[in-house]
Student: 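Below is the structure I would like to discuss, written out as C-alpha cells.
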Amino acid sequence: MAGTIQSLILTPPSIVTSPFPCRKTCCLFSRSLRINPPRRSISTLIISRKPSDEIHGSDLANGLNWTKPLMNFASNNFLPLALTSGVAFGLVNPTLGCLADKCNLSKFSTFGIFVVSGLTLRSDAIGAAVKAWPVGLFGLSSILFFTPYFSRIILLIPLQPQEFVTGLAIFSCMPTTLSSAVALTQLAGGNSALALAMTVLSNLLGILIIPFSISKFIAVGVGVYVPTAQLLKSLVLTLLVPLILGKVLRESSRGLANFVDHNRRLFSKINAVFLSLVPWMQVSRSRSLLIMVKPAAFIVAIGMGIKLYL
C-alpha cells in the first residue's frame, strides 16, 4: 500500500486527454492559414504588377531620353540660339525692341556684359594673358592696321543698297566689338582674359587710329564723322567702369568668387542674353528698311561679312 502511494506521489501526472486534443494547435494553424494567404497574395500582386510598372517607367525614361539631347543641344548652342531668337523677335514684333532702343538698353546690356566679365576674371587668367603677349600683339595689329585695308576692296563691290557696302567697309576699320568679343571667346573655351585685354586696348587705341583709317580709306565722298570725345566717354562708362566694378566685387567677397567659379556656364549664358539684346534692338529699329531689301542682296552682304571674318 505504501509503495503504491509512493509511486502515485512520485509519478508525474499523465496528460489529460481531451475530446479535442489539437484545439490549440488547430487554432494556431488556422490563424496561420488566415494570415499567410494575404501575405502571399500581396507579394503575388506586387510581382504581377511589377512588369507593368517597369513598362510605365521605361516609357517615362524614353520620354526623358528624347528630351535630353535637345536640352544638351540648346545648352551647348545657347549663344547662337539667343542671337537668332533676338533677330527673329525683332523682325516679327519690332515695337518692344524700338522702345528698348529709345531707353538706351544697349548701353545697359554692354554694361552688364563687362560686369560679368569682371566677376569671372581670375588673377591667374591675367597672368596667362600677359604671357600670351605675342598673340595679343598680332591680334591688335590685325584689327587696327591690317583689316582696314579690306575696306578698299569692299567699296569696289557693286551691291545695292549702297549702305551695305559702306557699313561693311566701316566695320572693317572698327576695333573689337565690345559686346560679343569676350562672350564668344568664353563660349569657345578660349583665353577670355586675353580677349578682354584685346577688347580694352583695341578700343582705347582705336579712338586715336580709327579717324585716320576712315579718313584714308572710306571718308572720301562718304562724309563720315567720328566723335572722338563722345566715343572716349562712352568707352569709359560702358567698358572700364563695369569691368573694374566686377573685378572689385570678385576680390572683395571670396564667397562670391567661389559661386562665380562654380557657375561659369550660368554666367556665360547671362552674357549671351545681354548680347542677344543688341541685334534684337538693331533689327527692331531697322525692320522697315530690312524688309525693303531684296533677299539676294542681303545674302550677298552676309557672305561678304563671313569672308571678311575668314
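Hydrogens, waters and symmetry mates are skipped; everything else that's a heavy atom, side chains included, is used.
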Student: If you take all heavy atoms of Ser202 and Thr176, which pair is closest and at what distance?
Tutor: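 Of all heavy-atom pairs spanning Ser202 and Thr176, the closest is OG-OG1, 3.2 Å.
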Student: Give the intermediate values and the outcome of salt bridge (Lys or Arg N to Asp or Glu O under 4.0 Å) for residues Arg250 and Asp261.
Tutor: CA-CA 10 Å; Arg250 176 184 175 87; Asp261 290 338; 3.1 Å; yes
Student: Just verifying a value: how many Å separate Leu99 CG and Ser284 OG, rounded to the nearest 0.5 Å?
Tutor: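 Between Leu99 CG and Ser284 OG, I get 10.5 Å after rounding to 0.5 Å.
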Student: Membership question, hydrophobic clusters at under 4.5 Å side-chain separation (ILVMFWY): are Leu249 and Phe259 in the same one?
Tutor: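 Looking at the clustering, Leu249 is in the same group as Phe259.
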Student: Identify whether Val236 and Leu243 are in the same connected component of the hydrophobic contact network (ILVMFWY, side-chain heavy atoms under 4.5 Å).
Tutor: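 Yes.
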Student: If we only count heavy atoms from C-beta on, is the Met281 to Leu277 side-chain gap below 4.5 Å?
Tutor: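 Sidechains of Leu277 and Met281: in contact.
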Student: Any chance the rings of Tyr149 and Phe145 have centres within less than 6.0 Å?
Tutor: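 Distance test on ring centres: not under 6.0 Å, no.
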Student: Nearest 0.5 angstrom please: Leu81 CG to Ser276 OG, how far?
Tutor: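 OG of Ser276 is found 11.0 Å from CG of Leu81.
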Student: Tell me, do Ser123 and Glu251 make a side-chain contact under 4.5 Å, heavy atoms counted?
Tutor: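 Yes. Closest side-chain heavy atoms under 4.5 Å.
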Student: With heavy-atom distances below 4.5 Å as the criterion, would you say the side chains of Met304 and Ile157 are in contact?
Tutor: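 They are in side-chain contact.
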Student: For atom CZ of Phe267, is the number of surrounding heavy atoms from other residues, nucleotides or ligands below 6.0 Å larger than 12?
Tutor: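 Correct, the count exceeds 12.
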Student: Identify the two heavy atoms, one from Val165 and one from Leu155, that lie closest to each other, and give their separation to 0.1 Å.
Tutor: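 Minimum heavy-atom separation between Val165 and Leu155: CG1-CA, 3.7 Å.
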Student: Rounded to the nearest 0.5 Å, what separation is found between the CZ atom of Phe108 and the SG atom of Cys103?
Tutor: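 Reported to 0.5 Å precision, the distance equals 8.5 Å.
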Student: Under 4.5 Å between any side-chain heavy atoms of Thr185 and Asn191, yes or no?
Tutor: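 Of all side-chain heavy-atom pairs linking Asn191 with Thr185, none is under 4.5 Å.
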Student: Indicate yes or no for a side-chain donor-acceptor contact from Asp101 to the backbone of Gly97 under 3.5 Å, with no hydrogens or angles considered.
Tutor: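 Answer holds: no.
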Student: For residues Ser172 and Thr147, is any side-chain donor paired with an opposing acceptor at under 3.5 Å?
Tutor: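 Looking only at side-chain atoms, Thr147 and Ser172 do not form any donor-acceptor pair under 3.5 Å.
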Student: Is Val241 reachable from Leu196 through a run of hydrophobic residues whose side-chain heavy atoms are each under 4.5 Å from the next?
Tutor: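 As far as the 4.5 Å side-chain criterion goes, Val241 and Leu196 are connected within one cluster.
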Student: Of the non-hydrogen atoms in Asn203 and Pro175, which two are nearest, and what is the gap between them?
Tutor: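 So the minimum-distance heavy-atom pair works out to OD1-CG, 3.6 Å.
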Student: If we only count heavy atoms from C-beta on, is the Phe111 to Thr238 side-chain gap below 4.5 Å?
Tutor: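 When only atoms from C-beta onward are counted, Thr238 and Phe111 do not touch, as no gap falls below 4.5 Å.
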Student: Do you know the tightest heavy-atom contact between Ser106 and Ser109?
Tutor: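 Shortest heavy-atom separation between Ser106 and Ser109 comes out as O-OG, 2.6 Å.
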Student: About how many Å separate CG of Leu140 and CD1 of Ile209, when rounded to the nearest 0.5 Å?
Tutor: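 Ile209 CD1 to Leu140 CG: 9.0 Å, rounded to 0.5 Å.
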Student: If you group Ile, Leu, Val, Met, Phe, Trp and Tyr by side-chain heavy-atom gaps below 4.5 Å, do Ile302 and Ile154 land in one group?
Tutor: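 Looking at the clustering, Ile154 is in the same group as Ile302.
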Student: Quick one: pull up CD1 in Ile143 and SG in Cys173 and give me the separation to the nearest 0.5 Å.
Tutor: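 Reported to 0.5 Å precision, the distance equals 13.0 Å.
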Student: Measure the shortest side-chain to side-chain distance between Thr110 and Phe274 over non-hydrogen atoms and say whether it is less than 4.5 angstrom.
Tutor: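 They are not in side-chain contact.
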Student: Please determine whether residues Ile299 and Phe164 belong to a single hydrophobic cluster, defined as Ile, Leu, Val, Met, Phe, Trp and Tyr linked transitively by side-chain heavy-atom distances below 4.5 Å.
Tutor: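 Per the 4.5 Å side-chain linkage, Ile299 and Phe164 are not co-clustered.
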Student: Can you find a pair of side-chain heavy atoms, one from Trp280 and one from Leu105, that are under 4.5 Å apart?
Tutor: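 Of all side-chain heavy-atom pairs linking Leu105 with Trp280, at least one is under 4.5 Å.
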Student: Rounded to the nearest 0.5 Å, what separates atom CG in Asn271 from atom OG1 in Thr120?
Tutor: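 Reported value, rounded in 0.5 Å steps: 7.0 Å.
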Student: Quick one: does Arg285's side chain have a donor or acceptor within less than 3.5 Å of a partner on Cys98's backbone?
Tutor: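 Answer holds: no.
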Student: Is there a side-chain contact between Leu235 and Leu240, using heavy atoms and a 4.5 Å cut-off?
Tutor: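 Heavy-atom side-chain distance check fails, nothing below 4.5 Å.
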Student: So, for Gly90 and Val283, which heavy atoms are closest and what is the spacing to 0.1 Å?
Tutor: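 That closest heavy-atom pairing would be C-CG1, 4.0 Å.
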Student: Tell me, with the steps shown, if Ile126 and Leu121 meet side-chain contact (heavy atoms from CB on, under 4.5 Å).
Tutor: CA-CA 8 Å; Ile126 298 176; Leu121 182 60; 4.0 Å; yes
